[in-house]
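Below is one structure, written out as structure tokens; the observations come after it.
The figures that follow rest on heavy atoms only: side chains count, while hydrogens, waters and symmetry mates do not. Numbering of ligands and ligand atoms starts at 1, following listing order.
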Amino acid sequence: MSIIHSHALPLTLTLTCEGNTSALELNLENTLGRGIANWCLHLDLQRDVTAGTATQLSRVGSHLQLQPADARELPAGASCTLQLRGESKLLQRLSDLPSGCFVSFGDHTVPVQLTSHNLATAPANTDEKNIYCYSGSEAPVLPLPLDMTEAKGTRPWPETLTASAVVDALPAVDWLQRMLGRGWRPSEDKAKAELLCDLDSSLGEEAYRLDINHYQVSLVASTQTGFNRGAATLLQILENDPERRTLPCLQINDAPRYAFRGLMLDCARHYHSVETILDLLDLMALYKLNHFHWHLTDDEAWRLEIQAFPELTHIGAWRGHLETLPPQLGSGPDRYGGYYNREDVGRVVEYAAQLGITVIPEIDIPGHCRACIQSLPELLQEAGDNSRYVSVQFFSDNVLNPGLPGTYHFLEKVLEEVCEIFPGPYIHLGADEVPEGAWAGSPASRKLMQQEGYTDPRELQGHLLQHAQQLLAARNKRMIGWEEAVQDDKLSPDTPICAWTGDKAVIELHSSGFPVVSCPASRAYLDIAWSDDPNEPGLHWAGTANLQTWYEQPPFPTEIKDGLGVQANLWSELITNRQQLEYMLFPRVLATAEWGWSSNAGNDWPDFRGRVEAQLDSLRRRGISPRPLGPKD
Ligand code: ACM
């Protein structure tokens with residue numbers, strides 16, 4: 001048993017497996033010094049479980065409420081055992097354990113601490129000296145440039161930091177200064193400037209040339225974005241020498257392989273501050289990722305202020321015991337959450353634009369909608385709907401109803417505001433994971449099906465998405481969606497689609513003519529655990545994936561030359577703070593960056609690993625906590 005000390009009510013967990021099933025015994029001790037009546041144990045568990053012996057269970061999503069089936073009193077000093085049952089591999093790693101535990105009785109809540117459990121814990125990953133010894137370039141740039149020639153010699157680190165820059169290069173020079181923590185003095189005299197930024201209109205939008213020679217550092221591009229990309233390379237080279245003594249002389253000619261290189265951050269399951277997002281944008285720019293996919297709404301919360309519906313954020317952005325939305329994913333009994341107002345969105349969008357990053361907001365419909373439905377029940381619920389379904393995340397009331405006029409009013413108002421505050425070309429409308437059985441018991445949906453001649457309730461999804469796509473098109477915006485968006489053939493064929501379930505989906509969507517963003521869970525989901533070590537945090541429904549797995553699997557088969565791009569997705573079920581975010585993000589996101597930009601990705605693991613190590617050192621000097629690479633990684 002692992003022992004954790006605490007002052008809260010102690011809870012012990014014992015998992016036993018027999019054949020294909022397991023039993024989870026939860027023993028709660030009343031150390032309050034008084035008896036409690038009509039009590040209930042609350043905990044969050046992302047597992048399919050049923051009530052075991054002498055236990056009553058109810059659940060909303062990950063939030064479970066357990067009560068003894070008979071005695072409702074727990075005298076002072078007494079213990080009670082509650083039981084759950086599930087499949088044999090119910091809990092495999094520490095991050096599978098229940099979280100957000102508390103007891104409620106009357107108006108009270110009391111924290112509960114898991115004080116012991118019997119999960120096997122292998123030795124933690126150690127950061128021993130590894131077997132790889134990188135003897136490559138003095139400029140371990142990541143992603144690898146298209147063409148880099150290392151010349152002989154070095155030049156001194158720019159001491160006086162003088163720059164001569166065309167207007168288009170100024171945001172990139174500003175960013176370099178901020179990231180280096182040093183100022184550059186403008187120089188009128190090009191010949192005397194240590195950094196010279198100049199235009200060459202023959203270069204592509206994100207292409208650049210960087211020349212570090214004995215006299216000068218010269219950066220040439222045709223657009224503001226091209227200067228950003230070149231500045232990222234220069235920053236990596238500058239930061240590779242923490243002593244700030246010399247720079248290697250070299251020439252780089254660089255351009256991206258894919259136009260779309262994305263990173264998704266789920267801000268619905270747990271709220272991440274604007275400061276975290278701005279810092280993340282800096283890191284995206286450092287590795288030349290150019291689309292920030294901002295997952296703003298889900299079952300567990302709605303995070304975007306919509307002026308037409310203040311309820312969405314007054315109610316839908318908060319969880320807690322006795323709040324409209326119950327605790328989820330470890331958030332506990334107190335009111336917990338947050339949202340982004342228009343000013344926050346403006347800061348993110350403006351900062352991203354300066355870095356050449358497009359922000360794609362995601363309003364996930366028609367599934368994953370519990371938070372908005374609970375916030376606006378009069379508009380979005382149908383009294384006579386007796387559809388029965390359970391979503392993958394255990395919600396049974398999380399799907400917008402395409403038969404209700406309120407749904408269309410809601411979407412029109414929400415999308416109108418979203419289009420107003422996000423200037424980029426894309427709006428992501430989700431469309432993933434609508435559970436089987438949604439709408440089957442809805443009189444309004446049945447009526448719509450009759451009107452339209454639909455035979456399968458699933459056609460209602462395409463009906464709603466088609467309507468939403470038209471709303472976007474009228475505002476000059478393009479819809480983008482997860483792969484289920486194409487299910488019943490109602491979307492326009494140029495809709496970009498994020499293929500997330502696997503290579504089969506990547507290939508099929510591509511052969512159907514859709515522009516495909518490749519992001520299969522098995523090598524692009526940053527929430528997936530690194531390995532089978534039970535100490536390694538993460539989900540494992542799609543297996544586990546270490547850096548080498550990410551690096552060695554191409555996003556598209558070689559015969560597909562025209563994929564739209566790649567994306568890494570950081571779902572936040574398990575991410576409640578910055579350290580966890582950084583641990584899951586790095587180093588694996590670097591493999592996505594390499595595949596997205598470099599035309600030579602995937603061919604040289606030792607070289608890539610060496611460049612990753614150099615980048616991890618630089619990141620650590622910035623105060624970031626990546627997952628360390630161990631000797632066997
Ligand atoms: C997804 O992982 N549901 C897109």
Original post:
Does a donor on one side chain and an acceptor on the other come within less than 3.5 Å for R523 and T549?
Top reply: no
Measure the shortest side-chain to side-chain distance between [X] and [Y] over non-hydrogen atoms and say whether it is less than 4.5 angstrom.
{"X": "V274", "Y": "V348", "value": "yes"}
{"X": "V589", "Y": "L289", "value": "yes"}
{"X": "L448", "Y": "W439", "value": "no"}

Subject >> atom 1 (C) of ligand 1: nearest protein contact (heavy atom, Å) >> reply: Y525 OH, 3.3 Å
**OP:** Specify the protein heavy atom at minimum distance from atom 3 (N) of ligand 1: its residue, its atom name, and the distance to 0.1 Å.
**Re:** D432 OD2, 2.7 Å
Original post:
Polar-atom distance check: E433 versus ligand 1, any N or O pair below 3.5 Å?
Top reply: yes
Subject >> Element-labelled atoms of ligand 1 that are located less than 4.0 Å from some non-hydrogen atom of W571 >> reply: 1 (C), 2 (O), 4 (C)
